[in-house]
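Single-structure report; data block below.
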Protein chains: 2
Amino acid sequence: MADLPEPTIERLLQLTRVLDNCGAAVVTSAEIETRTGWSSHTIRKDISYLDGDFSTGSGYDVAALGSAVRSALGLDIKRKCCVVGLGRLGSAYLNFPAFADEGFELVAGFDSSVNRVEILRSPVPLYPAFKMGEVIVRFGIEMALLCVPAASAQAAADRLAAAGIKGIVNFAPIALELPPGISVRNVYVVDELRAISARIPIRKKENP
Amino acid sequence: MADLPEPTIERLLQLTRVLDNCGAAVVTSAEIETRTGWSSHTIRKDISYLDGDFSTGSGYDVAALGSAVRSALGLDIKRKCCVVGLGRLGSAYLNFPAFADEGFELVAGFDSSVNRVEILRSPVPLYPAFKMGEVIVRFGIEMALLCVPAASAQAAADRLAAAGIKGIVNFAPIALELPPGISVRNVYVVDELRAISARIPIRKKENP
DNA sequence: CCATGTGAATGCGTTCACAGCC
DNA sequence: GGCTGTGAACGCATTCACATGG
């Protein structure tokens with residue numbers, strides 16, 4: 001399996017959700033088209049990058065296809081995560097159950113306030129920020145949820161990068177500067193609103 | 001100004017953040033390259049789609065470029081939004097101040113529980129879900145934050161679509177089916193972790 | 001001289017069309 | 001017959017290279 005085109009990765013990720021929620025045991029590429037809006041050509045091409053045989057003769061075997069996608073994307077690998085910044089958002093994620101269901105193991109939380117680290121009750125161990133590098137290496141943590149305020153986000157990201165983190169989910173509304181090889185995904189609701197806003201046609205009919 | 005390529009839109013959206021946080025009055029495309037990782041060629045091309053003259057001879061005028069980008073993307077237009085589903089997440093957004101700063105006006109909240117609508121204190125008016133269509137049309141609401149549980153997300157999205165909504169930020173972990181012309185942006189942290197996971201190379205050095 | 005701006009070339013992802021298979 | 005699978009054609013975005021302007 002050569003490596004997949006970026007857009008294909010993004011579609012396959014979404015495809016797992018479609019398969020999980022589709023109910024039936026078999027789906028055709030045409031059905032996926034109506035559910036997602038991607039053309040059936042694109043979907044078949046995407047699936048053709050995977051190795052394995054999922055065709056039943058009249059559609060794809062949902063279970064087989066699902067596990068092939070997960071395996072191709074490395075979603076069957078358990079990965080260790082941490083939360084950096086234990087404010088309102090960060091401390092909420094400490095108790096978020098869905099992570100475990102999807103193969104992500106939350107193993108540490110960090111905050112620059114030693115006081116907060118000591119007081120907060122949490123199902124995962126908490127550490128003061130200066131232990132970040134050491135703990136990440138020791139546990140083999142690969143991903144971080146970066147929940148600190150915008151002003152300290154870049155500094156925290158630098159420390160994560162130095163500790164060898166592989167990916168960061170960034171909740172701060174700034175563009176992080178990081179060395180290549182580290183994946184960043186920005187999660188900021190206002191940016192999503194802006195992205196939608198940018199796609200609303202200006203004074204034009206939708207079907208020109 | 002012809003319409004912009006999709007990838008260019010996405011980059012320009014991020015570019016506004018870079019410009020806001022860059023401090024200086026002038027930036028070169030090379031500086032933007034180090035801050036974002038996009039090649040200076042790409043950046044110059046993106047900017048060349050805009051009309052106006054931002055070059056000072058030694059870099060771009062940050063303020064002028066910023067406002068040109070915002071205008072090209074329609075970010076200078078005030079847009080009305082609503083929150084659908086007033087659980088923990090939805091009710092948090094009712095009080096989120098950053099929306100207004102960025103030109104988004106939150107004008108309504110909806111929930112299927114009439115009880116919750118009556119009890120919840122909120123700076124914006126709340127309505128029972130059955131009034132959704134009417135209120136959206138009356139106020140000219142263009143965008144919705146969809147914060148209902150996964151099981152009811154599709155039904156709620158259908159009602160939003162019927163009311164003529166232009167875009168939806170979807171917090172439910174399902175792929176919504178909607179007619180063309182409506183922008184959807186999915187926000188689900190586990191999906192971001194999966195996206196990162198899919199990009200962590202499997203047992204390979206990063207510099208092969 | 002340095003940095004932008006832009007037609008032209010390149011390369012990659014999507015679309016097509018048809019062969020293969022149930 | 002219907003659906004998948006895939007080399008080939010196409011089209012769009014990125015990259016290049018050089019002309020232009022401060």
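So that the names make sense, note that chain A is the first sequence line, chain B the second, and so on, each numbered from 1. Values below: every heavy atom of this structure, side chains too, minus hydrogens, waters and symmetry copies.
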Problem set entry | Salt bridge present between A:Glu10 and A:Arg185 (N-O < 4.0 angstrom) | yes
Seminar exercise, completed: Residue pair A:Thr42/B:Gly52 against DNA chain C: nearer the 5' end by closest nucleotide is B:Gly52
Exercise. Does the distance from a Lys or Arg side-chain N to an Asp or Glu carboxylate O, for B:Arg35 and B:Glu31, drop under 4.0 Å?
Worked result: no
Exercise. Does a side-chain heavy-atom distance below 4.5 Å link B:Val124 with B:Val107?
Worked result: no
Problem set entry | Value in whole Å for how far the C1' atom of C:dT4 lies from CG of B:Asp61 | 14 Å
Exercise. For A:Lys45 and D:dA9, what is the distance between atoms NZ and C1' respectively, to the nearest whole Å?
Worked result: 11 Å
Problem set entry | Salt-bridge present (A:Arg17, A:Glu102; N to O < 4.0 Å) | yes
Exercise. NA contact type, A:Ser40, heavy-atom cut-off 4.0 Å: base, sugar-phosphate, or nothing?
Worked result: nothing
Exercise. Got a sec? Which of residues 5-31 of chain A come in under 4.0 Å of DNA chain C, heavy atoms?
Worked result: A:Pro5, A:Pro7, A:Arg11
Exercise. Which one, D:dA17, C:dT6, C:dG5, comes nearest to the side chain of B:His41?
Worked result: D:dA17
For this session: Would you kindly say whether A:Arg194 and B:Thr16 are connected by a side-chain donor-acceptor distance under 3.5 Å?
Result: yes
Problem set entry | Separation of C:dT14 P from A:Trp38 CH2 (nearest whole Å) | 11 Å
For this session: When you get a sec, tell me which of D:dT15, C:dG5, D:dT6 is the closest nucleotide to the side chain of A:Arg44?
Result: D:dT6
Exercise. Pick the nucleotide of DNA chain C nearest each of A:Thr56 and A:Asp46; which residue has the one closer to the 5' end?
Worked result: A:Asp46
For this session: Decide, yes or no, whether a salt bridge links A:Asp46 with A:Arg11 under the criterion of side-chain N to carboxylate O below 4.0 Å.
Result: yes
